[in-house]
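Only one structure is covered here, and it is reproduced in the block below.
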Amino acid sequence: MGSPHSPSSQRTSHGTALEMRTAVVIGTGLIGTSAALALTSRGVTVHLRDQDPSAARTAAALGAGTDEPPAEQAELAVVAVPPAHIGHTVAEAQAQGVARSYLDVASVKGGPRRDLEGLGCDLSRYIGTHPMAGKERSGPLAATADLFEGRPWVLTPTPETDTATLNLALELVALCRAVPVVMDADEHDRAVALVSHTPQLLASMVAARLQHADDTAVRLSGQGIRDVTRIAASEPAMWIDILSANPGPVADVLAAVAGDLDETVQALRALQSADESKRTNGSAGIEDVLRRGNAGRARIPGKHGSAPTAYETVAVLIGDQPGELARLFADAGRAGINIEDVRIEHSTGQQAGVAQLMVAPSAAPALTAALRERGWSLRG
């Protein structure tokens, strides 16, 4: 019998025993190293490869596997290199007989698949995948074994994909505790253009307005601008690789956004007019884009991928010192209240902030009373 932590003792959500024993991870950046950490922690022997040997050594030192080559063919090769390099990397690995099956984890799927076709790769032993997880930071030092837990992991099989390769991909997703989602490759690229690639560019464009802004204006920055520009801290080189592999779908979404921007600019200009009818039309135009934004935002999945839920916010003033958040959460726990989500807004120029605790509406009065009783200052 296998140990409780061995792959043979684990099962997928469908009850199928997991049998993966060995894997090769090619590319030890954030995604590759995180996948390697997850596999290693669940008993899979992982061999690490990278064109930069120091990156592979760093990943190995973190416990993601060994940078020594495998003595025999591995069961699965996980190719975690930029989209433009997927084709040649898979072709080279297949020529070397590195593994029985191959998958990539790039954020674009259609282009790499066509590259593989052009290079004459064995597509029956390959499947394109994309874990919908990441960070603003890149490289192996940013990797964590739990990066993919509960996150969608897209699989793009084709009629040529053999069953063994698909099953190994599903095992990888299960071992990383992600949620498999099957899509067509080109459909996937249009989807990520909308929900990932375009938001990155828009965040960068908004943040770029701050580069030469007056210092006084920048010091007024609150949580809204922090929320909008958070992903603008991402590594430019990584995003150039991604956007270069998916330019058409991203351009299509940006063109639609540009249309909205033009109409919004015209509506704002109309609000400056002395003509009451123009001001009325301008106000209607602004209301339209805001309401459409409300409707779109409401479609984003909520907690654990469920339907969005309207929470009530309890805002609590907290000091910026060790233990304050822990004390706040402990007091909420003693009151028997489940915190559904939390955000922290830091006060400008003060060692204090506001913790916004999102709870079910029915729980808000009890939480408010309990926190006041325990001496917390509530905002609003």
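Judged purely by atom type and a 3.5 angstrom limit, S221 uses its side chain to pair as donor or acceptor with the backbone of V218. For T198 (side chain) and L194 (main-chain N/O), no donor-acceptor pair under 3.5 Å exists by modelled atom type. Judged by distance alone, the side chain of S234 and the main-chain N or O of I231 form a donor-acceptor pair under 3.5 Å. With hydrogens and angles ignored, the 3.5 Å screen pairs no side-chain donor or acceptor of D50 with any backbone N or O of P53. Here the side chain of E149 pairs no donor or acceptor atom with the backbone of A178 at under 3.5 angstrom.
Residues T280 and E276 bring no donor and acceptor atom of their side chains to less than 3.5 Å of each other. A donor and an acceptor atom, one from each side chain of S277 and D275, are located under 3.5 Å apart. Inspection of the D122 and Y102 side chains reveals no N or O donor paired with an N or O acceptor under 3.5 Å.
The salt bridge (Lys or Arg N to Asp or Glu O under 4.0 Å) test applied to D146 returns no partner, not counting sequence neighbours.
Under the 4.5 Å side-chain criterion, counting only non-hydrogen atoms from C-beta, M358 is in contact with R343. Here the side chains of E160 and Y126 are not in contact, with every heavy-atom distance at 4.5 Å or above. Side-chain contact between T264 and L261: absent, with no pair of heavy atoms (C-beta onward) separated by less than 4.5 Å. Put simply, the side chain of V46 reaches to within 4.5 Å of the side chain of L48, judged on heavy atoms. Within the 4.5 Å cutoff, side-chain heavy atoms of L325 are placed close to those of I344. Residues V289 and R292 have side chains in contact (heavy-atom distance under 4.5 Å, counting atoms from C-beta outward). The shortest distance between side-chain heavy atoms of L202 and M205 falls below 4.5 Å. Taking 4.5 Å as the limit, some side-chain heavy atom of L271 sits within range of a side-chain heavy atom of S283.
Nearest heavy atom pair, residue A360 against residue E340, reads N-CG, 4.2 Å. Of all the heavy atoms in A169 and I127, the pair that sits closest is CB-CG2, 3.9 Å. Here the closest non-hydrogen pair linking P140 and A55 is CG-O, 4.1 Å. Between V206 and T229 the shortest heavy-atom distance is CG1-CG2, 4.0 Å. Between G87 and C121, the closest heavy-atom pair is O-SG, 4.4 Å. Contact record, S273 with K278: OG-CD, 3.5 Å, taken as the closest heavy-atom pair.
Atom CZ of R269 sits in a sparse spot, with 12 or fewer heavy atoms from other residues, nucleotides or ligands closer than 6.0 Å.
Partner of L155 under the side chain to side chain contact (heavy atoms under 4.5 Å, CB included) criterion, out of T161, L103, L170, L172: L170 alone.
Linking Ile, Leu, Val, Met, Phe, Trp and Tyr residues whenever their side-chain heavy atoms come within less than 4.5 Å leaves L147 and M132 in two separate clusters. In terms of hydrophobic clustering, with Ile, Leu, Val, Met, Phe, Trp and Tyr side chains grouped at heavy-atom distances under 4.5 Å, M20 and I31 are assigned to a common cluster. Linking ILVMFWY side-chain heavy atoms closer than 4.5 Å, directly or via other members, places V253 and V195 in a single hydrophobic cluster. V24 and L175 sit in two unconnected hydrophobic clusters of ILVMFWY residues. Membership requires side-chain heavy atoms under 4.5 Å apart, directly or through other members. Hydrophobic clustering of Ile, Leu, Val, Met, Phe, Trp and Tyr side chains at less than 4.5 Å, counting indirect connections, keeps V78 apart from V81.
Between D252 and R190 no salt bridge is recorded (no basic side-chain N to carboxylate O distance below 4.0 Å). With salt bridges taken as basic N to acidic carboxylate O contacts below 4.0 Å, none links K109 and D189. Salt-bridge formation is detected for the pair D186/R113: a Lys NZ or Arg NE/NH1/NH2 atom is positioned less than 4.0 Å from an Asp or Glu carboxylate oxygen.
With values rounded to the nearest 0.5 angstrom, S362 atom OG is found 11.5 Å from L367 atom CG. Going from atom CG of L371 over to atom CG of L378 covers 6.0 Å, rounded to the nearest 0.5 Å. One finds the CG atom of D184 at 8.0 Å from the OG1 atom of T156 (value rounded to the nearest 0.5 Å). E312 contributes atom CD, which lies 12.0 Å from atom CG of L357 (distance to the nearest 0.5 angstrom). Between the CZ atom in R100 and the OG1 atom in T22 there is a gap of 7.5 Å [rounded to 0.5 Å]. To the nearest 0.5 Å, the span separating NE2 on H47 from OG1 on T45 amounts to 6.0 Å.
Remark: R327 qualifies as a cation-pi partner of W376 under the 6.0 Å distance and 45° angle criteria applied to the six-membered ring.
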**Report entry** V25 and V79: CA distance, side-chain angles, deciding distance, side chain to side chain contact (heavy atoms under 4.5 Å, CB included) verdict
**Finding:** CA-CA 6 Å; V25 173; V79 179; over 6 Å; no

Requested in this report: Start with the C-alpha gap between L37 and T144, add the side-chain angles, then the distance that decides, and say whether side chain to side chain contact (heavy atoms under 4.5 Å, CB included) holds.
Outcome: CA-CA 7 Å; L37 286 167; T144 60; 5.5 Å; no

Requested in this report: Would you sort out whether R177 and R42 count as a side chain to side chain contact (heavy atoms under 4.5 Å, CB included), showing the intermediate values?
Outcome: CA-CA 11 Å; R177 296 179 178 172; R42 289 165 179 86; 2.8 Å; yes

Report task. Dump the intermediate steps for side chain to side chain contact (heavy atoms under 4.5 Å, CB included) on T129 and W153, then the final yes or no. Result -> CA-CA 7 Å; T129 82; W153 192 311; 3.0 Å; yes

Using distance only, find each side-chain donor-acceptor pair of residues 56-74 under 3.5 Å and give its atom names and separation, not counting sequence neighbours.
| residue | atom | partner | partner atom | Å |
| --- | --- | --- | --- | --- |
| T58 | OG1 | S54 | O | 2.9 |
| T66 | OG1 | E68 | N | 3.0 |
| Q73 | NE2 | G97 | O | 3.4 |
| Q73 | NE2 | A99 | O | 3.2 |

